[in-house]
Every structure is written in C-alpha cells, then in structure tokens.
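See structure below.
Remember, predicted model here, so these are calculated numbers, not experimental data. Residue numbers run from 1 in the order of the sequence given.
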Amino acid sequence: MKPALDLSLYLVLDPDLCDGGQGMVDTALAAVAGGVTIVQLRAPRWKKRQWVAVAMALKAALDPHHIPLIINDHIDVALLVDAAGVHVGQQDIAPGMARQLIGPHKILGLSISNAEQMAAAPLGVVDYIGVGPVFATGTKLDASPVIGLEEFTSLMQAKSLPAVAIGGIGLGHVAALLSAGADGVAVVSAICGQNNPQQAAQALRLEGAIGCNYPAGAGRMVFGGDVDD
C-alpha cells in the first residue's frame with residue numbers, strides 16, 4: 001500500500017539552514033508538531049554515507065507520526081532506508097525508470113517548471129509534481145528560472161496531477177498559491193533556520209486555512225488532496 005500523500009505543507013530540509021543532520025531531525029519533528037505533512041531530505045553536497053545516516057534518523061523520527069519521508073534524487077538511499085518515496089528533477093533519472101526501481105508502492109514526485117514539462121509528466125507513474133520556482137530562492141543554486149504567480153496559475157489550470165508550489169515561498173504567499181490551484185506549498189527557509197520551527201509551520205498552516213476558508217488552527221488539517229494507491 002502506498003503511503004497517503006498530503007501535500008498541504010511540504011518541508012524540504014536544508015542541512016546548512018538546519019545546522020547539520022541532528023538539526024534536520026530536530027527541525028522536522030518541531031515542524032511536524034506545527035502541521036507539516038510531508039518531509040523531504042535534500043543535501044546536494046553530502047556524501048552518500050551521510051545521506052544514509054540522516055535518512056535513517058529521520059525515518060525513525062517521522063514514522064511514529066505517520067509523516068512520509070521523501071528522498072531527493074538518491075533512489076538507492078530511499079530503498080536502503082525504506083523511505084516513503086523519491087523526488088526527481090528534470091535532469092535526474094527519468095520518472096519511468098525511477099518507478100521501475102522503486103516499485104508501485106512508493107511515492108514518486110517530479111519537478112516541473114514549464115508547460116512542456118508538465119505535459120510530459122507521465123500519469124500513472126508520477127504521484128505529484130513540484131511546480132516552480134514560483135519566486136526567487138537562494139536555497140537551490142541550480143534552480144530553473146522563476147515563473148512567477150501568473151505563470152504558476154496557468155500551470156495549475158492545466159495540471160492533471162496533485163501539485164505543490166515550490167521556490168521562495170514564505171508567509172504571505174500561501175493563500176495566493178492555494179487559490180491559484182496548488183494542493184500545498186513546499187518551503188525551506190520559511191521553517192529551516194527559524195527560531196521556532198513549530199510556530200513557523202503553524203503560521204504557514206494558518207495562512208493556508210484562511211486562504212481556503214477553512215477553520216484556523218494547527219495540526220494535520222488537510223487543505224490539499226490525498227492520493228492513495
């Protein structure tokens with residue numbers, strides 16, 4: 001059975017902003033208490049052994065809370081630690097090949113930055129798309145050009161898969177992105193490196209709740225779509 005996918009508030013961990021591996025675990029747990037629904041490990045400059053060690057620690061921390069752990073790019077690490085899934089970019093292994101390797105019961109995400117890439121995203125293979133960067137970001141040095149809210153809205157109108165907005169997202173952006181059609185928002189610096197990651201996550205959820213006219217409050221309140229196997 002594939003893990004339930006709630007994209008409402010998607011935390012992408014940054015090792016520098018979180019002050020290393022243990023800091024990433026501590027940040028993830030605090031953010032989950034504030035309403036984060038899915039966590040991705042991304043550390044492009046790390047060696048593979050460090051990836052495995054921190055991925056194992058994150059999985060042990062997140063499993064009791066039923067929060068999926070997604071591994072960026074490294075399918076071998078995801079399989080080794082039995083992570084919930086993998087996220088790949090346009091320059092990584094092709095989604096169809098990734099699906100062959102991870103099998104049918106793990107989550108597969110794909111980065112999208114334009115209409116052509118969205119049209120090429122294989123339905124039935126990819127579970128969700130990460131669309132952006134919507135705004136300028138300093139946490140991903142090889143990011144694609146910024147698309148802006150207008151282009152993001154156009155892409156949401158054409159989407160056939162659950163979509164999470166990513167890239168430079170913080171307080172003040174959430175309501176507009178959800179109104180544009182996003183199923184959730186992915187954040188890095190809006191939680192990583194904040195003095196209180198739990199309160200930072202709660203504030204993002206509160207803005208999302210107001211934007212979609214749901215009751216305000218923290219916890220696992222779903223304002224995105226669920227995807228099951």
Side-chain angles (χ1 to χ4, degrees), residues 3-43 54-55 57-72 83-85 87 107 109 128 130-135 137-140 162-180 182-226:
L5 180 60
D6 178 358
L7 297 172
S8 301
L9 185 52
Y10 188 133
L11 173 61
V12 181
L13 291 166
D14 181 288
D16 296 329
L17 292 175
C18 292
D19 196 23
Q22 185 57 51
M24 295 166 93
V25 175
D26 295 341
T27 297
L29 283 175
V32 166
V36 158
T37 57
I38 185 168
V39 174
Q40 181 188 130
L41 173 57
R42 186 176 74 187
V54 176
L58 281 168
K59 187 171 189 303
L62 295 174
D63 274 359
H65 302 279
H66 307 291
I67 299 297
L69 172 64
I70 304 297
I71 301 296
N72 186 254
H87 187 95
I107 297 167
Y128 75 94
V131 181
V134 185
F135 307 110
T137 175
T139 61
K140 194 172 190 299
V164 60
I166 191 167
I169 295 169
L171 277 176
H173 297 142
V174 180
L177 292 166
L178 295 177
S179 295
D183 296 280
V185 295
V187 301
V188 185
S189 60
I191 291 179
C192 293
Q194 297 294 318
N195 289 332
N196 191 323
Q198 178 177 345
Q199 289 183 1
Q202 287 173 335
L204 290 163
R205 289 205 65 103
L206 179 61
E207 185 191 344
I210 291 172
C212 284
N213 298 319
Y214 281 85
R220 298 200 65 206
M221 178 177 60
V222 176
F223 53 81
D226 285 349

Backbone N or O of [Y] within a donor-acceptor pair of the [X] side chain at under 3.5 Å?
X    : Y    : answer
Q40  : I70  : no
D183 : V164 : no
H65  : L62  : no

According to side-chain contact (heavy atoms from CB on, under 4.5 Å), who are the partners of [X], at least two apart in sequence or on a separate chain?
X    : answer
A43  : P15, W46, W51
A200 : I191, Q194
N196 : Q198, Q199
A61  : V25, L29

Item checked: Shortest non-hydrogen contact between C18 and C192, atoms and distance ->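 Of all heavy-atom pairs spanning C18 and C192, the closest is SG-SG, 3.2 Å.
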Next item on the list: Heavy atoms only: give me the nearest A28-L11 pair and the separation to one decimal.
Entry: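 The answer is CA-CD2, 4.1 Å.
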Item checked: Contact check, side chains of I107 and P3, non-hydrogen atoms, under 4.5 Å ->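 Counting from C-beta outward, I107 and P3 do come under 4.5 Å.
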Note to self: Restricting to salt bridge (Lys or Arg N to Asp or Glu O under 4.0 Å), what partner residues turn up for D19, sequence neighbours left out?
What the structure shows: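 Scan of D19 (salt bridge (Lys or Arg N to Asp or Glu O under 4.0 Å), adjacent residues dropped) gives none.
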Note to self: Test: salt bridge (Lys or Arg N to Asp or Glu O under 4.0 Å). Region: residues 20-34. Which pairs qualify, not counting sequence neighbours?
What the structure shows: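 Sorted pair list comes back empty.
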